[in-house]
Amino acid sequence: MQRREMIKQAGTLAFGLAGLPLLSAGELLAAKPTNALPRWKGFNVLDFFHPDPRMRRQHTTREHFRWMADWGFDFVRVPMAYPYYVDFDRTRPINKEEVYRIDDKRVQEVMELVEQANSQGLHVSLNLHRAPGFCVNAGFEEPYNLWTDHEAMEAFVFHWAHWAKLLRSKTHEYISFDLLNEPCFREDMNDQFSRRSSVPKDIYRDLIVKGFDTIRMANPRALVIADGNNIGAEVIDNISDLDVAQSCRGYAPGLVSHYKAPWVFQHPDDLPAVTWPSEENGVVHDKTWLREHFAPWIDLVSQGGGVHCGECGAWKETPHQVALSWMDDMFSILTEHGIGFALWEFNGTFGILNSDRRDVAYEDWYGQKLDRKMLDLLRKFV
């Protein structure tokens with residue numbers, strides 16, 4: 001028996017997506033298609049987002065997770081940069097051998113965060129935001145290219161084998177594995193504004209298959225998620241035979257979600273004023289436009305697929321009321337179709353805590369600056 005078929009018989013055929021029991025043929029015909037993933041609602045936390053532990057942005061605590069749970073949220077996505085938890089000489093670019101040098105101390109930090117979130121009843125989705133040979137963002141010099149170099153793919157598999165083994169005792173209620181953040185094919189990984197495009201479908205499928213197989217070998221019931229192609233924007237249409245859910249993005253239109261963000265716009269100060277609804281190059285952006293934008297993901301749900309919006313939100317320079325009005329429309333569409341969401345981020349310039357917006361009257365929340373209006377908006381959809 002081939003390795004892949006063994007995994008499918010051990011996992012998919014027995015449990016279905018997310019480990020839920022499969023419906024009978026009669027039940028499938030009678031049932032209205034629903035999202036194969038739970039409608040998780042929550043946040044991204046960026047404790048391990050930066051490649052250098054010395055530049056760690058956040059220290060999310062058990063108390064933070066308790067706040068999330070008390071407010072009704074049930075989901076945390078943890079985007080990781082693999083260099084955070086490997087041991088190498090940080091005075092120079094990492095080499096191919098060092099990619100494999102796991103730092104047990106840093107790994108333990110990740111494991112402790114997972115346990116703290118789980119202890120508050122929160123599902124954790126572990127994500128490689130930077131994998132060996134690829135990240136949607138520049139700023140760290142990789143020794144190879146994930147999409148073109150076999151060695152990079154081997155390292156990708158090694159890292160997921162490591163995490164899957166460590167977390168093999170956890171059920172799908174507590175952990176999922178989000179293979180790669182926002183895949184795209186970029187001309188120059190070290191140039192944030194270099195031209196990018198979708199990853200060729202067969203190449204991306206190959207990565208998904210390898211990651212899926214590796215994780216399921218450690219735990220045949222593990223829940224695996226793949227981000228949409230072309231930075232999360234496009235449904236992956238050639239993996240329907242795999243027991244893999246998909247993650248979309250809530251960043252459209254970009255002028256609203258990333259207004260004046262310097263890593264997105266080369267000349268942010270030249271941008272026009274932003275509103276919602278808005279018009280850009282003769283196209284009206286409103287709730288109807290948003291519904292059309294999410295239509296491929298809604299169709300995937302209607303076909304029995306699993307969909308979650310793994311990232312969404314607006315950066316601090318988007319006027320507060322514009323951000324809230326846009327988010328209200330977006331979340332209402334997602335909720336209507338049973339699609340959950342994770343705000344980028346909990347604590348920071350996109351978040352409900354300490355966002356540094358200049359047009360918000362913050363509420364003091366145990367020493368943190370809470371955007372109560374944004375929190376109340378999110379809780380409408382919990």
Side-chain angles (χ1 to χ4, degrees), residues 1-22 36-38 40 48 75-82 84-86 99-118 122-134 146 150-181 183 204-227 239 241-247 306 308 310:
M1 181 183 298
Q2 290 186 349
R3 178 173 178 239
R4 184 142 232 294
E5 289 302 312
M6 177 177 69
I7 294 168
K8 287 180 69 176
Q9 288 192 22
T12 306
L13 299 182
F15 302 102
L17 185 60
L20 301 175
L22 291 173
L37 282 181
W40 291 311
F48 317 116
F75 178 88
V76 173
R77 184 171 180 262
V78 183
M80 302 185 298
Y82 81 90
Y84 183 96
Y85 60 81
V86 299
V99 167
Y100 291 90
R101 295 181 185 171
I102 301 296
D103 185 333
D104 291 335
K105 177 183 176 182
R106 301 303 178 189
V107 167
Q108 186 58 34
E109 292 175 6
V110 177
M111 296 296 285
E112 288 173 358
L113 184 141
V114 171
E115 291 298 338
Q116 288 174 354
N118 284 169
L122 303 174
H123 177 93
V124 174
S125 186
L126 208 62
N127 165 252
L128 276 183
H129 188 276
R130 178 176 292 278
F134 174 78
L146 179 59
H150 179 69
E151 290 174 291
M153 187 70 77
E154 287 182 336
F156 172 83
V157 169
F158 169 84
H159 280 263
W160 274 124
H162 184 82
W163 289 113
K165 182 178 179 181
L166 285 176
L167 294 162
R168 64 187 180 278
S169 64
K170 287 190 174 289
T171 65
H172 59 268
E173 289 88 358
Y174 290 99
I175 197 76
S176 58
F177 303 93
D178 184 350
L179 294 173
L180 182 68
N181 183 73
Y204 189 28
R205 175 185 163 86
D206 185 49
L207 176 135
I208 294 170
V209 167
K210 285 181 168 62
F212 173 82
D213 284 357
T214 298
I215 292 168
R216 281 289 179 90
M217 284 300 290
N219 179 358
R221 300 179 63 175
L223 175 53
V224 179
I225 298 173
D227 281 11
I239 61 167
D241 59 316
L242 303 177
D243 189 24
V244 175
Q246 298 192 38
S247 179
H308 184 257

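Heavy atoms only: backbone and side chains are in, while hydrogens, waters and symmetry mates are out.
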- For the residue pair I225 and S125, establish whether any side-chain heavy-atom pair is separated by less than 4.5 Å. yes
- Is D243 close to F212 at the side-chain level, that is, under 4.5 Å between some pair of heavy atoms? yes
- Just jot down the salt bridge (Lys or Arg N to Asp or Glu O under 4.0 Å) partners of D227, sequence neighbours excluded, or say none. R77, R249
- Pair L122-F75, side-chain contact (heavy atoms from CB on, under 4.5 Å): steps then yes or no: CA-CA 5 Å; L122 303 174; F75 178 88; over 6 Å; no
- Heavy-atom check, side chain of L167 versus side chain of M111, under 4.5 Å: yes
- Query: Would you call H123 and N118 a side-chain contact if the rule is heavy atoms closer than 4.5 Å?
  - Reply: no
- Message: I'd like to check the side-chain hydrogen bond (donor to acceptor under 3.5 Å, both in side chains) partners of W40; sequence neighbours left out, ordered by chain and number.
- Response: none
- ring-ring contact (aromatic ring centres under 6.0 Å, His included) against H162, all qualifying residues, sequence neighbours excluded: none
- Find the distance between CG (L126) and CE (M80) and round it off to the nearest 0.5 Å. 3.5 Å
- Message: I'd like to check the side chain to side chain contact (heavy atoms under 4.5 Å, CB included) partners of E115; sequence neighbours left out, ordered by chain and number.
- Response: K170
- Query: Are any of the side-chain heavy atoms of V78 and V114 separated by less than 4.5 Å?
  - Reply: no
- Message: Tell me every residue that passes ring-ring contact (aromatic ring centres under 6.0 Å, His included) with Y84, counting only those two or more places apart in sequence or in another chain.
- Response: F48
- Name all residues meeting the side chain to side chain contact (heavy atoms under 4.5 Å, CB included) criterion together with E154; count only those two or more places apart in sequence or in a different chain, and write none if there are none. Y100, H150
- Got a second to check how far L180's CG is from S247's OG, nearest 0.5 Å? 11.5 Å
- Residue list, salt bridge (Lys or Arg N to Asp or Glu O under 4.0 Å) with R101, at least two apart or on another chain: E98
- Query: Under a 4.5 Å cut-off applied to non-hydrogen side-chain atoms, are I175 and L223 in contact?
  - Reply: no
- Item | Nearest-0.5 Å distance, CG of residue L37 to NE2 of residue H172 | 10.5 Å
- Would a 4.5 Å heavy-atom cut-off, applied to side chains only, mark L179 and L128 as touching? no
- In Å, rounded to the nearest 0.5 Å, how long is the span from NE2 of H129 to CG of N127? 7.0 Å
- Query: Salt bridge or not for R205 and D241, using N-O below 4.0 Å?
  - Reply: yes
- Query: Does a side-chain heavy-atom distance below 4.5 Å link I102 with V107?
  - Reply: yes
- Note on the structure: The side-chain hydrogen bond (donor to acceptor under 3.5 Å, both in side chains) partners of Y204 (sequence neighbours excluded) come to none
- Item | Sequence-distant partners of A81, side chain to side chain contact (heavy atoms under 4.5 Å, CB included), two or more places apart | P51, P83, R130
- Note on the structure: Note: V86 and V99 closest approach over all heavy atoms is CG1-O, 3.6 Å
- State which residues pass salt bridge (Lys or Arg N to Asp or Glu O under 4.0 Å) with D206; sequence neighbours excluded, sorted by chain then number. K210
- Message: Among residues at least two apart in sequence or on other chains, which ones pass ring-ring contact (aromatic ring centres under 6.0 Å, His included) with F134?
- Response: W147
- Query: Would H159 and Y85 count as a side chain to side chain donor-acceptor pair (under 3.5 Å) if you check the C-alpha gap in whole Å, the side-chain angles of each, and the deciding distance to 0.1 Å?
  - Reply: CA-CA 10 Å; H159 280 263; Y85 60 81; 2.9 Å; yes
- Query: Excluding sequence neighbours, so at least two apart, what forms ring-ring contact (aromatic ring centres under 6.0 Å, His included) with F177?
  - Reply: W160
